[in-house]
Structures are given as C-alpha cells and as structure tokens.
Amino acid sequence: MRYEDFHRRSIEQPEAFWADAAKAIDWHTPPQAILEYDNPPFRRWFAGGTTNLCHNAVDRHLDARGEQLALVGWSSETGQVRELSYRQLHCEVNVFAAVLRSLGVGKGERVVIYMPHTVEAAIAMLACARIGAIHSVVFGGFAAHNLALRIDDAKPRVLVCADAGIRGGKVIPFKPLVDQALARAQHPPAHVLVVNRGLAAELPLLPGRDLEYGPLAARHADAEVPVEWLESNEPSYILYTSGTTGKPKGVQRDVGGYAVALALSMWAIYDIRPGQVMFSTSDIGWVVGHSYNVYGPLIAGATSILYEGLPTSPDPGIWWRICEKYGVRTMFSSPTAVRVLKKQDPQWLRSCDLSRLQYLFLAGEPLDEPTADWITTALGKTVIDNYWQTETGWPVLTLMPGVEMKPVKLGSPGLPAPGYRLRVIDENTGQDVGPGQKGVLAIQPPLPPGCLSTVWGDDGRFIASYFSHFKEQLYSSLDWAIRDADGYTFILGRTDDVINVAGHRLGTREIEESVSSHPAVAEAAVIGVQDAIKGQVPVVFATLKRSDGDAGEAAAEMMRTVSEQLGAVARPSRVYVVNALPKTRSGKLLRRSLQALAEQRDPGDLSTLDDPNALEEVRRALERGADAGA
Ligand code: AMP
C-alpha cells in the first residue's frame with residue numbers, strides 16, 4: 001500500500017477509515033456512530049460503543065497466547081527480572097483490581113500511581129482500567145510539591161506507591177515523599193496502598209490510611225473481577241503535563257479512540273504484529289510509557305519490555321543484550337539516551353546478535369543529525385524520528401514502515417500519521433504558510449482518535465490552551481515548524497515557555513515559582529539552554545531581596561529548593577545571581593533575550609527593553625560564571 005493513499009483515505013473518508021481500524025479491538029457493544037462532531041472542538045469517536053482497555057490488553061489474548069510473554073520487567077538496579085505471560089498477567093491484574101475494589105475504588109474514581117518503572121506499576125494501571133477507575137500516573141522522579149499539585153487536581157480515592165525507587169544504585173524512598181505531599185494536599189486520598197519491594201530501610205505506615213499491598217493481595221489470591229464496560233468516550237486516564245502556567249494540565253484520554261489509535265499505530269507505524277517484541281526505554285510516568293510500554297504492545301498481543309535503570313549500567317551493552325535475548329523487533333528510545341551511549345565504544349552494540357531488531361524509533365525531543373548519523377551507522381538499522389506530544393497520545397509525524405517505508409530525511413520526523421490533517425500557520429496572519437516557510441504546527445480538528453478529550457475538569461482550559469490561538473478554531477501544537485516541498489515537516493522548537501530536558505517536558509514557570517519560594521529570592525527567570533547531552537537544561541537568573549546577601553550560598557539553596565519541591569529532573573544546571581532582570585517596559589521578562597545571551601547568540605529586538613543595564617548585568621554574570629552549578 002502507498003503511504004499517500006493510506007493517509008489520504010484517513011482524511012477524506014475518516015469515518016470509513018476509522019470504522020475499519022476499530023475492528024482491530026473487541027467491543028462489548030459496537031459503536032453507534034463512528035464520529036460525533038456537533039460541539040467542536042470536542043469530538044466523540046465511536047460514540048455509543050462500549051469497550052475496556054484491560055480486556056483488550058489482557059483478557060482477549062488468553063485463548064490464543066495465554067502462555068506467551070506479555071511483560072518483562074528488567075531491573076538493572078535490583079538485578080531482578082520478572083517475566084509474566086498473558087495468563088499470569090491476567091491473574092495479577094485481577095488480584096490488584098480486587099484489592100482496589102476492597103478499598104472502595106469504583107468506576108470513574110481516580111487512583112494516583114506514584115511508582116518506578118516496574119511490572120507492578122503496569123499491573124496497577126491495568127487493574128484501574130479493568131474496573132473503570134481513572135488512573136493518573138505521576139513520574140517517580142517528581143518530588144512532593146509536584147505530587148501534591150496532581151493529587152489536588154485529580155482528587156483520588158487511593159494513591160498507589162512503591163516503598164522506593166532506585167537510580168544508579170541509590171535508593172530513593174517514596175513513602176516519605178508521599179507523606180510530605182499528603183501533608184500539603186487539600187484533597188488527600190482515603191488510602192495509600194504501598195507495594196513493598198523491600199528496598200526502603202523503613203516503611204512508616206499511618207494506621208487506617210496506609211496499607212501494604214502484599215497481605216491484601218494474599219487475601220484476594222484467586223480473585224476474578226469482571227471487566228467494567230465503558231462508553232468509548234468515558235475517561236480512561238489523566239496524565240499531567242507542563243504548560244505555560246505553574247499549574248500542570250491534566251490531559252484526559254478516552255477509552256475506545258485510544259485503543260483503536262494504538263492498535264493501528266502498532267502495525268502501521270511500529271510494524272509489530274501479535275507475538276513480536278517491543279522494547280520502549282521510556283518510563284510509565286510519561287506518555288510513551290503509557291502508550292508503548294503498557295497499552296499499545298499489549299493491545300497488539302505483543303511482548304513489552306520495561307527497563308528500570310541507566311542505559312550504561314551494569315555496562316553500556318545492557319540494552320542490546322536485552323534485544324538479543326528477547327528477539328526485540330522494534331525499539332523505542334530518546335535522542336538523549338542515544339547521546340549518552342554515543343560516548344561509549346560502539347563495540348558494545350556490535351558484540352550482540354541484533355538480527356531480529358528492525359527499527360529504532362526516537363521521540364520526545366529534536367533528533368540532531370550527528371546523533372541520528374551515529375546510531376544509524378552503529379546499529380545498521382532503520383532509525384525513525386517520531387514527533388508527538390502528551391496531548392496526542394501517539395505519533396503526529398512519523399514514517400510508517402508497516403504501511404510503506406518512505407525515505408528518511410535527517411532532521412525531520414517525517415510525514416503526518418493517519419487522521420492528522422496538519423497545517424503550518426503564520427502566527428500573525430493566521431494563514432497557511434508556503435513550503436519552506438516557518439509557522440506554527442496546527443491540527444485541523446476534529447482531532448483523530450487517541451488525542452486528548454479535554455483537560456481534566458476544565459473544558460475552558462482545553463479550549464483556551466489549544467484552540468484559541470488563530471482566527472480559525474485549530475489545535476495549536478505550540479511548536480514552530482517548516483514543511484518542505486515533499487511534505488516533510490521539520491520541528492523548530494516551542495512557541496511557549498516549555499523546555500525539554502532529556503526528552504522530559506518542563507514548564508519554566510513551575511521552576512520559577514519554586515526558585516522564588518526561597519525566602520532570599522526577589523525574582524527569578526528560568527530558561528532552557530542548549531546542552532550537548534540533554535538537549536536543553538534549565539538555567540536560572542535570579543535577583544535577591546538583599547543585595548548584600550551571599551550569592552553563592554543563595555544560588556546553591558535555590559538548586560536544592562527545586563530538587564526538593566519538583567524533583568531532580570527539574571534541578572537547574574546553573575544559577576546566576578544578578579542585580580536586575582531584563583524586562584519590557586510593561587514588566588514582561590525577556591526570556592528569549594536571556595536565552596540568546598546564554599547560548600551566545602544575538603539577543604534580538606531590544607526596542608522594548610526597559611533598562612539596558614539589566615542586559616549588561618546578565619552579560620557580565622555569564623562572563624563571570626555561575627554562582628552555583630557547572
Ligand atoms: P511531551 O508532551 O513531553 O511528549 O513533549 C512534547 C514536545 O516535545 C513537543 O511539543 C515538542 O516540542 C517536543 N518533541 C517531541 N518529539 C519531538 C521530535 N521528534 N522532534 C522535535 N521535537 C519533539
């Protein structure tokens with residue numbers, strides 16, 4: 001099949017296209033309408049149909065592939081490997097679902113999952129899906145403040161956590177972080193369910209509220225919990241992501257549209273059929289973990305590998321040995337991970353039998369050409385850049401080897417995925433720009449299946465954040481883009497204040513709020529600055545309340561504050577203490593000029609600058625070196 005024909009049909013005959021795609025999943029009640037679009041920009045895919053993500057990911061495979069591996073949890077940190085067949089996974093999910101039900105969790109109720117990247121976390125997610133509860137996974141690298149914000153927005157009945165995570169051999173107890181978060185949350189859950197991995201030296205439990213999973217699971221050892229059939233558009237999960245304000249947005253996903261989009265993407269994009277093996281190195285805390293560690297591969301009847309640990313530990317050959325051992329066909333990772341591996345001897349790759357590996361997909365951040373070149377040569381496999389967002393849930397731009405492999409163009413994530421009608425819009429005129437011209441990447445609604453339904457609890461914010469940027473009601477990706485004459489799109493970076501650190505999306509406002517919460521700080525500006533490994537790193541410029549304060553000490557404390565409140569992932573790389581921050585006459589921080597100076601570029605149009613001395617201050621600080629950090 002030609003890619004062009006496949007994509008054109010998805011755009012010109014969306015209902016016929018998606019009706020066909022919907023046959024790939026099981027429906028308890030078939031959809032009554034493929035698409036309802038009478039209240040734009042909201043749309044309802046497969047309206048009236050009832051289905052269930054857990055049934056499609058687990059139960060329906062029991063007859064054909066009950067003994068096949070479903071999940072492999074490989075931990076280089078603990079040295080343990082857990083292999084679960086579909087039948088074993090089915091049992092474990094039923095037990096977990098029974099435990100959740102015994103704690104009063106029912107359909108539509110929220111469960112926050114704060115766990116490391118383990119099989120147990122995937123089981124918890126599937127158990128929620130089974131009983132129609134809405135999970136909200138919070139990345140295990142986030143700290144108490146971030147967790148509290150998400151708890152207050154989701155108002156969960158139960159929080160599931162592990163006793164500890166472990167990174168680079170260092171045990172990070174989770175329970176004290178949970179306790180800190182609950183102490184400041186306005187809407188703490190009724191129960192905390194702790195999956196004890198035996199890693200934390202102490203496990204403080206509050207009687208009545210906190211319960212260990214193990215003894216409860218033993219009580220429900222043979223449980224069978226019926227699947228809760230959900231209307232296609234009911235919520236399946238919430239996943240928070242950063243935007244331009246300090247308050248994260250709860251991306252709300254549906255059930256049927258998500259299942260259908262994932263099922264399609266598994267064969268058409270990732271070229272995975274039932275029984276084959278996919279290895280995504282992401283974490284369940286991110287959207288890739290949801291879509292391509294848990295739901296996508298399982299819906300497809302494939303085997304999914306969950307890896308806990310660093311790519312270089314116990315040695316830089318570990319990922320390739322896993323590929324060899326399990327016969328991985330498609331691997332999914334990030335440019336940052338490849339840049340880390342690039343520093344190692346390519347012999348680590350060459351000493352493994354990778355004959356069954358066909359593709360490496362990379363996503364989450366721009367794929368620079370040297371990195372793409374290096375890994376393509378070192379692996380000798382097809383390397384495919386993927387562009388998507390937490391909001392979309394699956395790729396927007398990609399190449400589709402399961403349909404037709406088009407040529408790779410370095411620097412471009414390729415062509416639109418099915419169902420995406422993409423436009424590149426001039427931000428001032430709202431008109432489409434021509435080939436080779438820069439604009440904002442926009443999606444013509446209705447959004448295809450799989451994309452977010454709304455912002456949790458806030459339809460107004462959904463419209464304001466995504467559909468209010470142009471004269472027409474278009475979804476703004478908030479990314480700059482250029483499309484060439486062949487239709488390949490190149491992504492040029494965000495239009496808002498979101499930065500991308502090692503493929504992790506962070507809001508500069510969230511970090512600014514955290515830095516400013518330090519009592520010595522008067523004001524802070526946070527920008528993303530280019531970094532050879534992580535793509536970008538957060539850099540802070542701050543003014544102090546007392547100009548005679550110790551700048552070095554204050555700067556070090558600012559770094560600590562961010563680590564404690566938001567987590568190590570958001571820790572600033574450098575902090576510069578200055579006497580003034582560059583602002584416009586109307587008081588807006590000139591973050592782009594700051595960023596340009598920090599990257600040794602021209603600071604651009606400074607006609608609106610209020611105080612030219614502030615810019616000189618920044619230049620001097622950069623010359624002098626950071627007050628804390630490298
Ligand atoms: P997240 O929601 O964390 O997946 O982050 C989405 C953002 O990451 C996008 O809006 C882009 O700015 C960036 N991004 C993701 N994938 C790519 C890619 N392949 N190339 C360039 N930027 C990307």
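Because the structure is predicted, anything quoted here is derived from the model rather than measured. Scope of the values below: all heavy atoms of this structure, side chains included, with no hydrogens, waters or symmetry mates.
Y3 and H7 have parallel rings, their planes meeting at less than 30° on a 0 to 90° scale where 60° marks the start of perpendicular. Relative orientation of the Y258 and Y237 rings is perpendicular, given thresholds of 30° and 60° on the angle between their planes. Ring planes of F6 and W267: perpendicular class, angle over 60° (limits at 30 and 60°).
Side-chain contact between Y240 and V138 is absent, with no heavy atoms from C-beta onward closer than 4.5 Å. The side-chain heavy atoms of E308 and I166, taken from C-beta on, include a pair separated by under 4.5 Å.
A distance-only check finds a donor-acceptor pair linking the side chain of H61 to the backbone of L298 [under 3.5 Å]. W45 places a side-chain N or O within 3.5 Å of a backbone atom of L447 that can act as its donor or acceptor partner. Side-chain atoms of S10 come within 3.5 Å of backbone N or O of G419 as a donor-acceptor pair. With S304 contributing its side chain and N293 its backbone, the two residues share a donor-acceptor pair below 3.5 Å. A side-chain donor-acceptor contact under 3.5 Å links E324 to the backbone of D353.
The side-chain tip of R150 does not point at the ring of Y114 from less than 6.0 angstrom away and within 45° of straight on.
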Q: Just do the ring pair (Phe, Tyr, Trp, His ring centres under 6.0 Å) check on Y326 and F279 with the steps written out, would you?
A: CA-CA 9 Å; Y326 291 99; F279 175 15; 8.9 Å; no

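Partner of W388 under the ring-ring contact (aromatic ring centres under 6.0 Å, His included) criterion, out of W394, Y420, Y292: Y292 alone.
Interatomic distance, CG of L341 versus CD1 of I375, reported as 7.0 Å (0.5 Å rounding).
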